[in-house]
Participant: 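After the structure tokens below, expect a handful of questions from me.
Just so we're on the same page: letters track the sequence lines, and every chain starts at 1. Atom set for the values below is all heavy atoms of this structure, side chains included, hydrogens, waters and symmetry mates excluded. Because the structure is predicted, anything quoted here is derived from the model rather than measured.
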Amino acid sequence: MESKPVINEFSGIAAKGLRNRYIGSLSAADAGERVSVCGWVARVREHGEHLVFVDVRDYSGIVQVVAHSSVDLRSEYVVQVAGLVSERPEGTVNPDLATGEIELTDTEITVLSAAEPPPFAIQDRVEVDEAMRLKFRYLDLRRDKMQHHLRMRARINSAIRASMERQGFTEIETPLLWTPTPEGAREFVVPSRLHQGSTYVLPQSPQIAKQLLMVAGFDRYYQIARCLRDEDLRADRQFEFTQLDLEASFVTQRDIMDFISDAVIAASRAAGISATGEVGEISWKDAMDRFGTDKPDMRFGNELIDVSAVFSNTSVRALSAPCLKALVAPNPSSLTRSKLDDLVDRAKGLGAKGLLWLRAVAGSEGLQFESPVSKFFTADESKSLMDVTKVSEGDVVLIVGDAWEKACHVLGQIRLELGRSQGDPDEFRFVWVVDFPLFEGVDEQGRLISAHHPFTMPNEEDFSKLESDPLSVRSQSYDLVLNGWELGSGSIRIHRADIQSKVFASLGITEEEAGNRFGFLLDAFKYGAPPHGGFAFGIDRLAALLVGEDNIREVIAFPKTQSGADVMTGAPKEIDTRIWDLLGLSVKAPKKYLA
RNA sequence: GGACCUGUGGUGCAGCUUGGAGUGCACGUCGGCCUGUCAAGCCGAAGGUCGCGGGUUCAAAUCCCGUCAGGUCCGCCA
């Protein structure tokens, strides 16, 4: 994508010291003025010793500097150039350059710092291996694209802060050295020197701290917070990430959703995206039914269709399943036999027993299905399948039969795979996913598992089912999704001891266990806890999507590789035995040296 | 823990299917020429542990096994 420089409004006056202008601010209107700029040599074009062009770059732009004697300048030298802004001679204007109407003449060039040839060209158009980019991140970041992305991210942050402040939120910092909680994601452990054998952990989120702030009476708290999770990395996941974290008291779910919607729309505007429209809304059940995922990409259709009823009396074994989901594939002509076989493998890889495909072709008696299984269909089944899927000639229908959630999930993944190219990269479809189940299932010991966390308030209409039918209880929790990426989630919290006890009981958490794990929070709730709820969304993800990237590394200055290494610093590194001693720890032989 | 893709002068790539001398392209670097270029142009030169280790073979960048690094995904993760 094209990256335009993000020039802060005050650029023009901010230039001081060794320069009085930013390069991108120069234009024909400045002709005749002597200016001083600083930057890096982007390119030297020497036409003999009497005419040399030097392109000098700062983050805001590039300008052509003219010299009439040989210069000892190479790429990436850091220079200060004093010169006269001059309109270019007739016929030499460069329309591809923002400063293409002018050049600096009568110049005095000072080398502030010489530079070795860089290991790769500092140009957007040069693709560089990821490991190389990360090893020389300071050079990678010098490129226009990365300059643009990080400066845009700063603007997004700023817009989010402004939105929060406008809505009456107070920014409060919470500890990085937190207490271990035997919950969910793996925590980064920080051994204590003063309390040997004990540790702090780095927070996975400020969840508990912000609820305590509610008890404390800070009724609208927010923080742009670093969070850390020791889980395997992905394109949208780093160990460290940044969230807009907020919590508010005396509010409903709707209030929280409005606060957040305001912030993300403001962030989008800051990123130059105006056409976001309203934030949509869909229930979790609908999202699963129609898109096969709780984070639907709603930029394109091809929704899943329930065809269970069509084959309720089928003799085909593959179709005898609790739930049958169908998808009319986009671009059916591209689905060759081998592509279809790949899809079958993909479906199996996702845990499905199989994937049936049927192609609608013109036959002697109108449209008919062509497929390895279609001959086992009754005429009624064929007809009814055509009706419900609304196929026309050439279409391919894909069917997965399984338990409801599995069938939805598998076909939802296939939908994404086939439809991804249909999503308009310039469209931003924010959507709230609401009415999540309170429990996502049961563990090996038959205990219910929290879908969000154990303080999530059940939907009031479902209170009565907590004991009788807990899996059908909906929670007051909500996710924000953008173009198929989960940006974040939140919930209204339980602030009443009686409801909390019931939920703990459902989760198989005893009073004693609850006390051990969350004692200080439960204690706090005894002293007057306001009804409260909150939300947190990933700014890395939001920023990546808003600048058109599909990997959050592109909006993080110094990210880790997928194996969690920093190839620039070499972290993580083994440390000296003395440091372990100081912490009262010893280390077994590193795993890689064990047989 | 698992699946797949990638690794070849400083950079990006081709070569690998079907083994035959480190072969090729573009950029960069170094030297020379060049007074209006802007991814300047022209001429010339230097630059290689084909990620690493092992195997097969008369012969391996190429085939096989292992391993390391980077990436995408599953598991994991809100």
Side-chain angles (χ1 to χ4, degrees), chain A residues 42-57 62-70 74-76 88-97 99-100 103 105 116-136 139 183-187 204-205 207 227-239 241 243 245 294-295 342 345-346 348-351 409-410 413 416-417 433 436 440 450-453 456 477-481 485-491 535-538 541 550-551 553 559-565 567 591-592:
Chain A
R43 204 167 283 112
V44 179
R45 292 178 296 279
E46 193 169 352
H47 292 243
E49 58 183 319
H50 299 295
L51 181 64
V52 183
F53 299 108
V54 182
D55 288 345
V56 176
R57 174 195 73 227
I62 289 187
V63 71
Q64 173 163 284
V65 172
V66 185
H68 291 285
S69 61
S70 193
R74 287 145 210 267
S75 287
E76 304 310 319
R88 290 193 183 190
E90 184 123 21
T92 65
V93 165
N94 182 354
D96 298 328
L97 203 60
T99 62
E103 57 193 9
T105 60
E116 290 183 16
F120 53 85
I122 314 299
Q123 289 170 20
D124 283 352
R125 62 190 173 80
V126 177
E127 291 283 327
V128 184
D129 180 72
E130 193 69 27
M132 186 66 57
R133 293 180 61 194
L134 292 175
K135 182 171 180 188
F136 298 98
L139 296 180
E183 267 293 293
R186 272 166 285 178
E187 295 164 326
Q204 297 167 22
S205 79
Q207 181 61 42
C227 305
L228 299 104
R229 290 191 189 129
D230 191 3
E231 298 286 354
D232 290 2
L233 285 63
R234 287 284 192 282
D236 62 353
R237 247 163 50 196
Q238 287 267 316
F239 287 151
F241 55 100
Q243 292 198 327
D245 189 54
D294 58 6
K295 43 182 180 178
D342 287 347
D345 288 344
R346 174 87 177 118
K348 286 179 177 163
L350 289 164
H409 170 69
V410 171
Q413 289 295 312
L416 270 186
E417 217 153 284
V433 180
F436 277 78
E440 65 182 17
S450 282
H452 189 60
H453 58 58
T456 304
S477 69
Y478 31 92
D479 279 11
L480 180 62
V481 172
W485 280 32
E486 185 199 317
L487 286 185
S489 61
S491 63
F535 198 81
F537 71 79
R541 290 180 181 180
D550 54 14
N551 194 302
R553 283 192 306 268
K560 306 280 187 287
T561 67
Q562 190 163 36
S563 69
V567 290
K591 216 173 180 180
K592 62 183 172 181

Participant: Let's see if you can work this out: which of B/U11, B/C38, B/U29 has an atom nearest to the side-chain heavy atoms of A/Val128?
Facilitator: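 Comparing B/U11, B/C38, B/U29 against the side chain of A/Val128, the answer is B/U11.
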Participant: Mind calculating the distance between CE (A/Met132) and C1' (B/G28) to the nearest angstrom?
Facilitator: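 In whole Å, B/G28 C1' lies 13 Å from A/Met132 CE.
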Participant: Please measure how far the C1' atom in B/C42 lies from the corresponding atom in B/U56, and state the result in whole Å.
Facilitator: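 Taking atom C1' in both B/C42 and B/U56, they lie 50 Å apart.
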Participant: Is the ring centre of A/Phe53 under 5.5 Å from the base ring centre of B/U37, and are the two planes under 30° apart, so that they stack?
Facilitator: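 Aromatic stack with B/U37 present for A/Phe53.
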Participant: Determine, for A/Arg346 against A/Glu417, whether the closest basic-nitrogen to carboxylate-oxygen distance falls under 4.0 angstrom.
Facilitator: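 Between A/Glu417 and A/Arg346 there is a salt bridge, with a charged N closer than 4.0 Å to a carboxylate O.
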Participant: What is the separation between atom CD on A/Glu440 and atom P on B/A78, rounded to the nearest whole Å?
Facilitator: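 Spelled out: CD on A/Glu440 to P on B/A78 is 10 Å.
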Participant: Taking only the P atom of each, what is the distance from B/A60 to B/A21 in whole angstrom?
Facilitator: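 That atom pair is separated by 11 Å.
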Participant: Could you check how far CZ of A/Arg45 sits from P of B/C34, rounded to whole Å?
Facilitator: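 The answer, rounded to whole Å, is 19 Å.
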Participant: Does A/Ser563 reach a base, just sugar-phosphate, or nothing at all? Heavy atoms under 4.0 Å.
Facilitator: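 Answer is sugar-phosphate: A/Ser563 comes under 4.0 Å of backbone atoms only.
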Participant: If I pick the P atom on B/U6 and the same atom on B/C64, what distance separates them, to the nearest angstrom?
Facilitator: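 Approximately 12 Å lies between the P atom of B/C64 and that of B/U6.
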Participant: Answer with base, sugar-phosphate or nothing: what part of the nucleic acid does A/Pro89 contact at a heavy-atom distance below 4.0 Å?
Facilitator: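 The answer is base, as A/Pro89 lies within the cut-off (heavy atoms under 4.0 Å) of a base atom.
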Participant: Can you tell me how far C1' of B/U37 sits from NE2 of A/His68, to the nearest Å?
Facilitator: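 In whole Å, B/U37 C1' and A/His68 NE2 are 12 Å from each other.
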Participant: Could you give the CD-to-C1' distance, from A/Glu76 to B/U29, as a whole number of Å?
Facilitator: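 Atom-to-atom, A/Glu76 to B/U29, this comes out as 14 Å.
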Participant: At 4.0 Å (heavy atoms only), tell me whether A/Glu127 reaches a base, stays on the sugar-phosphate, or touches nothing.
Facilitator: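 Sugar-phosphate contact only - A/Glu127 comes under 4.0 Å of backbone atoms but never of a base.
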Participant: Can you check the distance between B/C65 and B/U57, where both ends of the measurement are the C1' atom (answer in whole Å)?
Facilitator: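 Nearest-Å result for B/C65 against B/U57 at atom C1': 16 Å.
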Participant: Base, sugar-phosphate, or nothing: which does A/Arg541 touch, judged by heavy atoms less than 4.0 Å apart?
Facilitator: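 Nothing: the residue A/Arg541, judged by heavy atoms under 4.0 Å, touches no strand.
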Participant: When the distance from CD of A/Glu231 to P of B/C73 is rounded to whole Å, what number comes out?
Facilitator: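 To the nearest whole Å, that distance equals 16 Å.
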Participant: How is A/Glu90 classified with respect to the nucleic acid when contacts are heavy atoms under 4.0 Å: base, sugar-phosphate, or nothing?
Facilitator: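 No contact.
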Participant: In whole Å, what separates the P atom of B/G44 from that of B/C58?
Facilitator: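 It works out to 44 Å between them.
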Participant: Between the side chains of A/Arg237 and A/Asp232, is the shortest nitrogen-to-carboxylate-oxygen separation below 4.0 Å, so that they form an ion pair?
Facilitator: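 A salt bridge is absent here (no side-chain N lies under 4.0 Å from a carboxylate O).
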Participant: At their closest point, which heavy atom of A/Leu487 faces which heavy atom of A/Arg541, and how far apart are they?
Facilitator: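 Looking at all heavy atoms of both residues, the shortest contact is CD2-CB, 3.8 Å.
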Participant: Starting at the 5' end of RNA chain B, which residue's closest nucleotide do you reach first, A/Gly91 or A/Asp479?
Facilitator: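 The 5'-side residue here is A/Gly91.
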Participant: Please determine whether a side-chain nitrogen or oxygen atom of A/Asn551 lies at a distance below 4.0 Å from atom OP1 or OP2 of B/U72.
Facilitator: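 So the side-chain polar atoms of A/Asn551 do come within 4.0 Å of the phosphate oxygens OP1 or OP2 of B/U72, strictly under.
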Participant: Which part of the nucleic acid, if any, lies within contact of A/Val52, taking any heavy atom under 4.0 Å across all strands shown: a base, the sugar-phosphate backbone alone, or nothing?
Facilitator: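 A/Val52: no heavy atom of the nucleic acid under 4.0 Å.
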Participant: What is the distance, rounded to the nearest whole Å, between atom CG of A/Asp230 and atom P of B/A78?
Facilitator: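 Whole-Å distance recorded here is 12 Å.
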Participant: For B/G70, does OP1 or OP2 lie under 4.0 Å from any side-chain N or O of A/Thr561?
Facilitator: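 Looking at the OP1 and OP2 atoms of B/G70, one of them is under 4.0 Å from a side-chain N or O of A/Thr561.
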Participant: Quick check on RNA chain B: between A/Val66 and A/Glu46, whose nearest nucleotide comes earlier from the 5' end?
Facilitator: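 It is A/Val66 whose nearest nucleotide is closer to the 5' end.
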Participant: Answer yes or no: does atom NZ of A/Lys135 have more than 12 heavy-atom neighbours from other residues, nucleotides or ligands under 6.0 Å?
Facilitator: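 Not more than 12 within 6.0 Å, no.
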Participant: Roughly how many Å apart are B/A39 and B/C77, using the C1' atom of each and rounding to a whole number?
Facilitator: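 My reading of the C1' atoms in B/C77 and B/A39 gives 44 Å.
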Participant: If you look at every strand shown and take non-hydrogen atoms under 4.0 Å, does A/Ala235 touch a base, only sugar-phosphate, or nothing?
Facilitator: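 The residue A/Ala235 makes sugar-phosphate contact but no base contact.
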Participant: For A/Glu127, is there an ion pair with A/Arg133 - N to carboxylate O distance below 4.0 angstrom?
Facilitator: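 Not counted as a salt bridge, because no side-chain N and carboxylate O are separated by less than 4.0 Å.
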Participant: Among B/G71, B/C76, B/U11, find the nucleotide with the atom closest to the side chain of A/Gln562.
Facilitator: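 Of the candidates, B/G71 comes closest.
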Participant: Rounding to an integer number of Å, can you tell me how far A/Asp129 CG sits from B/G7 C1'?
Facilitator: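 Between C1' of B/G7 and CG of A/Asp129: 8 Å.
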Participant: Using the C1' atom in both, what is the distance from B/A59 to B/A14, to the nearest Å?
Facilitator: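 Comparing C1' positions in B/A59 and B/A14 gives a spacing of 23 Å.
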Participant: How would you label the contact of A/His452 with the nucleic acid (heavy atoms, under 4.0 Å): base, sugar-phosphate, or nothing?
Facilitator: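 Contact class for A/His452: base.
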Participant: Using atom P of each nucleotide, how far apart are B/C30 and B/U72 to the nearest Å?
Facilitator: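 Comparing P positions in B/C30 and B/U72 gives a spacing of 35 Å.
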Participant: Rounded to the nearest 0.5 Å, what separates atom CG in A/Asp230 from atom CZ in A/Phe239?
Facilitator: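 One gets 5.5 Å once the value is rounded to the nearest 0.5 Å.
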Participant: For A/Gln64, which contact category applies under a 4.0 Å heavy-atom criterion: base, sugar-phosphate, or nothing?
Facilitator: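 Since a base atom lies under 4.0 Å of A/Gln64, the category is base.
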Participant: Kindly say whether, by distance alone, the side chain of A/Arg229 makes a donor-acceptor pair under 3.5 Å with the base of B/C77?
Facilitator: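 Check fails, no donor-acceptor contact within cut-off.
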Participant: Would you state whether a donor and an acceptor, one from the side chain of A/Arg234 and one from the base of B/G75, lie under 3.5 Å apart?
Facilitator: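 Present.
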Participant: If every non-hydrogen atom of A/Val52 is compared with every non-hydrogen atom of A/Ser69, which pair is closest and at what distance?
Facilitator: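 Scanning both residues completely, I find the closest heavy atoms to be CG2-O, 3.6 Å.
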